[in-house]
Amino acid sequence: MAYWLFKSEPESYSFADLQAEPDRSTGWDGVRNYQARNLLRDTIKVGDQVFFYHSNAEPPGIVGIAKVVQAGHPEPAAFDAGHHYFDEKSDPSNPTWYQVRIQAVNPVEPPITLPELRSIPELAGMELLRKGSRLSVQPVTAAEWKLITGLAKTSKKKKQG
DNA sequence: GCCAACGTTGGC
DNA sequence: GCCAACGTTGGC
């Protein structure tokens, strides 16, 4: 069991969009970075848990939790000539791009914002907070996961009084 | 294999 | 909208 953080711009695909899917799940397609592709193809497994992060948002932050329901498999969109993610250089017999399927578990309400994450000394080494970090699929350590989900519960209790 | 040019990401 | 940081491309 491992932990990950997936970035998405809410304007293109939000956590609400994921929750609105018929089975609350989607194939995580459109990743066009080889480091992230390798994680999708080789490393991410069924049952792994995922922070759903909104980038280019106001504010950016973790807005939900999802889980992996299907491990890495070739990304169909890359072979679909009509699709935005079509890649004519990708050979179906040796696919370039991979996806996993994730399913919404629950929203994080209120979201845990980027400034909030930055304010926590224990998270100083987190990939997301690294200067210049752009990886859209990135590992999260068990300690980071535990700490952040703990924050989510705390803020939820506060909200409920 | 080097590296400049270019495109993208994503916080601010 | 700006721009720093990064990845990719392509000329040489």
Side-chain angles (χ1 to χ4, degrees), chain A residues 2-21 26-44 48-68 72-102 104-141 143-145 147-152 154-155:
Chain A
Y3 305 99
W4 309 96
L5 182 145
F6 286 14
K7 290 183 192 171
S8 184
E9 301 191 16
E11 298 237 336
S12 58
Y13 194 88
S14 69
F15 190 72
D17 291 331
L18 179 61
Q19 288 183 294
E21 301 282 0
T26 192
W28 200 252
D29 59 8
V31 172
R32 292 294 181 268
N33 168 283
Y34 287 104
Q35 200 179 338
R37 187 282 308 271
N38 292 348
L39 293 174
L40 292 173
R41 186 188 58 192
D42 306 329
T43 314
I44 301 177
D48 285 0
Q49 293 187 269
V50 175
F51 284 137
F52 196 109
Y53 177 88
H54 279 175
S55 59
N56 270 316
E58 188 47 53
I62 293 169
V63 297
I65 290 173
K67 65 180 179 184
V68 177
H73 54 284
E75 184 207 80
F79 307 125
D80 178 352
H83 200 283
H84 179 63
Y85 294 137
F86 176 63
D87 180 0
E88 60 179 0
K89 288 180 299 215
S90 181
D91 173 3
S93 68
N94 183 21
T96 308
W97 306 116
Y98 282 71
Q99 65 179 21
V100 301
R101 177 162 288 267
I102 63 168
V105 174
N106 55 258
V108 171
E109 285 172 343
I112 300 174
T113 68
L114 182 60
E116 194 175 346
L117 292 168
R118 282 199 196 287
S119 74
I120 299 167
E122 291 86 345
L123 297 180
M126 194 175 176
E127 169 68 24
L128 180 71
L129 306 183
R130 244 192 54 229
K131 184 181 167 88
S133 166
R134 297 195 329 198
L135 203 55
S136 66
V137 170
Q138 56 179 253
V140 172
T141 69
E144 290 161 355
W145 182 272
L147 195 156
I148 293 167
T149 51
L151 291 177
T154 305
S155 56

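Just so it is clear, the values below take in all heavy atoms, side chains as well, and ignore hydrogens, waters and symmetry mates. The model shown is predicted, which means the values in this text are computed figures rather than measured ones. Letters A, B, ... are given to chains in the order of the sequence lines, protein chains preceding strands, and every chain is numbered from 1.
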Rounded to 10 degrees, the angle between the two terminal axes of the helix from B/dG1-C/dC12 to B/dC12-C/dG1, each from five pairs
10°
Over all heavy atoms of both residues, which pair between A/Ser12 and A/Ser8 is shortest? Give the atoms and the distance, please.
OG-OG, 4.3 Å
Assign each of A/Lys89 and A/Ser133 the nucleotide of DNA chain C bearing its closest heavy atom; nearer the 5' end lies the nucleotide of A/Ser133
With A/Trp145 as reference, evaluate A/Val50, A/Leu5, A/Ile65 under the side-chain contact (heavy atoms from CB on, under 4.5 Å) test and give the passing residue.
A/Ile65
With heavy atoms of chain A within less than 4.0 Å as the criterion, where does contact along DNA chain C begin and end?
C/dA5 to C/dT8
For A/Leu117 against A/Leu129, the heavy-atom pair lying closest together
O-CD1, 3.8 Å
Is the A/Phe52 to A/Phe6 ring centre distance short of 6.0 Å?
no
Is it the case that more than 12 heavy atoms not belonging to A/Glu127 sit under 6.0 Å from its CD atom?
yes
Cut-off 3.5 Å, side chains only: do A/Gln99 and A/His73 have a donor facing an acceptor?
yes
Please check if the distance between the ring centroids of A/Trp4 and A/Phe51 is under 6.0 Å.
no
Contacts of A/Asn56 and A/Gln35 projected onto DNA chain C by closest heavy atom; the upstream (5') one is A/Asn56
Taking the six-membered ring for Trp, are A/Tyr34 and A/Trp97 closer than 6.0 Å centroid to centroid?
yes
